[in-house]
Protein chains: 2
Amino acid sequence: MSRRAFHRAPEGERRQDLIEATLDCIVEFGLKGATLRQIAIRAGVTAGLVRHYFDSKDQMVAEAYRAVIASLTEKAEAVKGNPETRLREFIVINLTEPVANSRSLSLWAAFISQVRVDTTLAEIHREGYLSFRNALEGLLEDFLIAKGQTPADGECRRLAIAINGLMDGLWLEGCLAADLFRESELVTIAMTSVEAMLGLPLTQTNNRT
Amino acid sequence: MSRRAFHRAPEGERRQDLIEATLDCIVEFGLKGATLRQIAIRAGVTAGLVRHYFDSKDQMVAEAYRAVIASLTEKAEAVKGNPETRLREFIVINLTEPVANSRSLSLWAAFISQVRVDTTLAEIHREGYLSFRNALEGLLEDFLIAKGQTPADGECRRLAIAINGLMDGLWLEGCLAADLFRESELVTIAMTSVEAMLGLPLTQTNNRT
DNA sequence: GCAGAAATTATTCAAGCGTATAATAACGCG
DNA sequence: CGCGTTATTATACGCTTGAATAATTTCTGC
């Protein structure tokens, strides 16, 4: 009787593989189809191994959610350049691959639908949302100040909410039905709309050709 | 040995009760927690009855999704009045109760996350989305024409996409974190933003005091 | 108020779930 | 090279799931 051959992976790597496999399964089979056995198959291990790396399946799923949030926000929070460029880049990043695609939406929706059920997930969510909106608010403040304006109290907050809403919504549309839009149509719409909301142009600067 | 007492309900009523119970369970326990037994408890019947009214649990869930879509769109599509009032009303309806609340979002997200998994749900979704956006596009066209404009080809489509995106996003924010916004703050933000995007004021008309 | 139809309950079933535990293979270190 | 550690597999367990079927109650029409 011979057992399956295997190799011992470094802890961090295996954990990441398991999380990635979890996300793959959620996308492909939904949250309820993402069983330990399916996840294990996807990760190329056996189901029992999960509990060697995580206290429970639920804990692994929560960490997988953290990974999703991170993948949705990390790029946008790392933009560099002058305020105008950063604001433009922020918009572009959030409305194009890899942030905007149907896989991201599937994952995001799967977890959001659990926020009411699982308080752990609810916390992870709120953290991510606030940090994202604060980043946008900072971007807007920098931009307005750079344009010589002194935004009134609460003005940046109001704009951040509105623009965040607009971008969430366009992101949603882009993820749900990418085929209904021409290439980069959503980015153009977002730029035009944000310009209208700010009452200022977002001229393309610093673009290398 | 005595069995549980019961009464025979009219077909339509019982079906509706079962669908309602299904949605309640999805909100409270998530899609994977919405089991036949839980649903039956909620509906005040026993689990076996479900298959007397539906071919399978999956079919019942699909019909429950149809009901959700209908509840999210029926009010907005019934607005009356002149174009400006209808546009205003459309915005208000979609950003206030009962369309905008955390229950709606939970349900919507639960189903959206399954769109990739279940082709039946995917069809129901696309139908609902397009009919909603078309309604908005018609509203915008009527409004612009009433304002003496002759919108260029594709202009209404572009505006409908952008405004639909904005409203989806604000709806999302309102559902996710209602406590972060003052009463009707989102409606105000939406109005201001739409005015900016259209380049036209949305004066409050026909309001009875 | 009885008979027949059918709505509802009760029970059973196989499959799949997450978890627990024991056996074993791989690797690092002397 | 062999030994101990532990990452990994394998197996078993108790429970829940959706579905199927049988038993029973309710209701309608006469």
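Convention: sequence-line order gives letters A, B, ...; per-chain numbering from 1.
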*Indicate, yes or no, whether a donor-acceptor pair under 3.5 Å links the base of dA23(C) to the side chain of R3(A).*
yes
_By the 4.0 Å heavy-atom rule, please label V45(B) as base, sugar-phosphate, or nothing._
sugar-phosphate
*asked:* If the cut-off is 4.0 Å, is R4(A) near the phosphate of dT24(C), judged by side-chain N/O to OP1 or OP2?
replied: no
*Check the side chains of R51(A) and S56(A) for a donor-acceptor pair under 3.5 angstrom, ignoring hydrogens and angles.*
no
*With a non-hydrogen cut-off below 4.0 angstrom, is Y53(B) in contact with a base, only sugar-phosphate, or nothing?*
sugar-phosphate
*Could you verify whether a donor N or O on one side chain and an acceptor N or O on the other, from N101(A) and S104(A), lie under 3.5 Å apart?*
yes
*What one-letter contact string describes nucleotides 12-21 of chain D from 5' to 3', where B marks a base within less than 4.0 Å of any protein heavy atom, S marks contact via sugar-phosphate atoms alone, and - marks no contact?*
B----BBBS-
_Degree of bending, the helix from dG1(C)-dC30(D) to dG30(C)-dC1(D) (end axes from five pairs; round to 10°)_ = 20°
*asked:* With a 4.0 Å cutoff (strictly under), does any side-chain N or O of R8(A) reach OP1 or OP2 of dT5(D)?
replied: no
*Rounded to the nearest angstrom, tell me the gap between atom CG in L49(B) and atom C1' in dT11(C).*
16 Å
_Whole-Å distance separating the CD atom of E11(A) from the C1' atom of dC27(C)_ = 16 Å
_Aromatic F54(A) / basic R15(A) pairing, under 6.0 angstrom, 45° off normal_ = yes
_Taking only side-chain N and O atoms of H52(A), does any of them lie within less than 4.0 angstrom of OP1 or OP2 on dT8(D)?_
no
*asked:* Between C1' on dT19(C) and CE on M60(A), what's the gap in Å once rounded to a whole number?
replied: 13 Å
*asked:* Before you tell me yes or no, could you show the steps for S131(A) and N134(A) under side-chain hydrogen bond (donor to acceptor under 3.5 Å, both in side chains), namely the whole-Å CA-CA distance, both residues' side-chain angles and the distance that decides it to 0.1 Å?
replied: CA-CA 5 Å; S131(A) 111; N134(A) 285 339; over 6 Å; no
*For R133(A), enumerate each residue passing the side-chain hydrogen bond (donor to acceptor under 3.5 Å, both in side chains) test, keeping only those at least two apart in sequence or located in another chain.*
Y129(A)
_Distance check needed: dG18(C) P versus F54(A) CZ, whole Å only._
14 Å
*Taking all heavy atoms of E20(A) and all of R103(A), pick out the closest pair and write down the distance.*
OE2-NH2, 3.2 Å
*Would you call the rings of W171(A) and W108(A) parallel, tilted or perpendicular if under 30° counts as parallel and over 60° as perpendicular?*
perpendicular
*H7(A) NE2 to dA7(D) P: how many Å, rounded?*
13 Å
*asked:* Output the rounded distance in Å from CD (E13(A)) to P (dC27(C)).
replied: 13 Å
*To the nearest Å, how far apart are F6(A) CZ and dA23(C) C1'?*
11 Å
*Round to the nearest Å and state the distance from I41(B) atom CD1 to dT8(C) atom C1'.*
16 Å
*Does the gap between the ring centers of F143(B) and F90(B) come in under 6.0 Å?*
no
*Are the side chains of M197(A) and L166(B) in touch, meaning some heavy atoms are under 4.5 Å apart?*
yes
